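Any value given below was found using the heavy atoms of this structure, including those in side chains, with hydrogens, waters and symmetry copies removed. By convention in this document, chain letters (A, B, ...) are assigned in the order of the sequence lines, proteins followed by strands, and residues within each chain are numbered from 1. Since the model is a prediction, treat every value here as computed from it, not as a measurement.
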2 protein chains.
Amino acid sequence: MHKAVRDLLSKMDRNDVTIPLIATEAGVTPSTIYRRWGDLQELLADVAVERLRPDAPPKDTGSARTDLEQWAEQYADEMASGPGRAMIRDVLSSVGADTRNAGKCCGYTREQLQVIADRARDRGEVFPDVEAVIDEVVAPIMYRILFDQAPPTSAKVLSLVERMLPARRAT
Amino acid sequence: MHKAVRDLLSKMDRNDVTIPLIATEAGVTPSTIYRRWGDLQELLADVAVERLRPDAPPKDTGSARTDLEQWAEQYADEMASGPGRAMIRDVLSSVGADTRNAGKCCGYTREQLQVIADRARDRGEVFPDVEAVIDEVVAPIMYRILFDQAPPTSAKVLSLVERMLPARRAT
DNA sequence: AACTAAAAGCAAATTATTTGCTTTAGTGAC
DNA sequence: GTCACTAAAGCAAATAATTTGCTTTTAGTT
C-alpha cells in the first residue's frame, strides 16, 4: 500500500491522489483502505513518516563541527524541498490522537543528533546537549521552512551551527 | 461565512464539520463555498489565520525583558492549547500556492516583536534583532508544540528568553 | 431604468465515503 | 489433514460530498 502511494505521488499532483485511486493502484478495494486508515490524511501521514525516517546515520566527517554542519545542511535541503515540505505537511495534518506521527519525526532527528553527540564524546570533543541543538539549529530551520516565505540559506544554516559550538581555532 | 465556521467549531468536533454543514449554518448553498474556497482546508485555513491575528500590541510592562517574557509566555500558551494547535494545523495544511497563510502568521509575530523592539530602543535598552528572537525564542516554542509530545513549560520559555537578553543585573 | 459583471442559487452528474454482509486467508486445536 | 475460529478483504448498495452547467439575483455604472 505504501508503495502504491509512493508511486502515485511521484507520478501526479498531491492534490489529485484519492483513496479510490490508491486502491486501484494497489489492486485493492477502497473500503479496505478506509477501514484501515480512516481517511487520506492518515494514510499520507503514515507514508510520509516512513519516508522521513533517515536511512543511514549521519556521515562521520572526522569532527563534531563538520558532522553537524553537513547534517544540518542536508536536513535543511531535504525539508525545504517540494517533496520535503509536502511530507512535513502530511505528518502535521494527521489529526486526532496522533501527535505520534510528528513525534516520530522529532524522534528520528533526536537519534541522528545523538549519534553525532556520542561520536563527539568518544573523540573527547565538547558538544552541546541534543535538546539544545534542537532548540538552536533544528527549530529555526523548521520554523523558517514552515512559516517563512524563503527557506533558510546555506549560510544561515551554518551560522546557526556556529552559534552552538565553541569558537573555531584559527587555522 | 467566517462566523458560521467559528460557531460550528465551538459546537462540534473539528473533524465533523463539513462544507455542506457550514453552508447550512451560513444560510448559503454549498457550491458558493466550493467556488470561493475550493475545499474545506482552505476555508479553515482562512478562518484560522484570522483568529491567529493578535488583537492588541504586546503589553508594555516597563522593560524589554518583561515585555518579551510576558509575550512569549502568552504566545506559548495560546499556541499549545487545543484550539491553538488546531489553528496552526489548519494554517499549515492549506496547500498549493499558499505559503501565504503561514507567512501571514509569521508576519503577525514579527510585528508584535518589532513593537517590543521599538519600545526597547526608545527606552535606550539594548535589544536583539527581531529575526534573532524568532530563531531563538519563537522557533523552539513552535517546534516543541508541533513535533514534541510535551509543549514547552513556562520555565522553558523563560529560559529561552533569558538566553536572548544581556545578563540581568543583581537586584 | 437599462446594462453589465460578478456572485449566488439550483439541480443534475459525478465522485468519494460509509456500511452490512459475504468471502477468503491464516492460525491453532484436535 | 481437517475443522473451527478470527481477522482482514471483497462486494455492492446507501449515503454524503463535490463538481458543473445553467439560471437568477445583486450591486455598480451609465
dA17(D) phosphate, OP1 or OP2, under 4.0 Å from T18(B) side-chain N/O
yes
Decide, yes or no, whether a salt bridge links R123(B) with D67(B) under the criterion of side-chain N to carboxylate O below 4.0 Å. yes
In whole angstroms, the gap separating P of dT15(C) from CD1 of I22(A) amounts to 17 Å
Exercise. In sequence, state the C-alpha distance, the side-chain angles, and the governing distance for R6(B) and S10(B), and then conclude on side-chain contact (heavy atoms from CB on, under 4.5 Å).
Key: CA-CA 6 Å; R6(B) 274 183 280 113; S10(B) 71; over 6 Å; no
Original post:
Thinking salt bridges, do R65(A) and E125(A) make one under a 4.0 Å N-O criterion?
Top reply: no
note: L40(A), atom CG; dT18(D), atom P; distance rounded to Å ~ 13 Å
Subject >> T66(A) and S63(A): side chain donor to acceptor below 3.5 Å >> reply: yes
I19(A) atom CD1 is separated from dA17(D) atom P, nearest whole Å, by 16 Å
Note: for V28(B) and P30(A) on DNA chain C, the residue whose nearest nucleotide lies more 5' is V28(B)
Numerically ordered, the residues 31-38 of chain B set in heavy-atom contact under 4.0 Å with DNA chain D is S31(B), Y34(B), R35(B), G38(B)
*asked:* Checking Q74(B) against E78(B): is there a side-chain donor and acceptor pair closer than 3.5 Å?
replied: yes
In terms of heavy-atom contacts, L160(A) and V137(A) come closest through O-CG2, 3.8 Å
Rounded to whole Å, the CG-C1' distance (D16(B) to dA16(D)) equals 13 Å
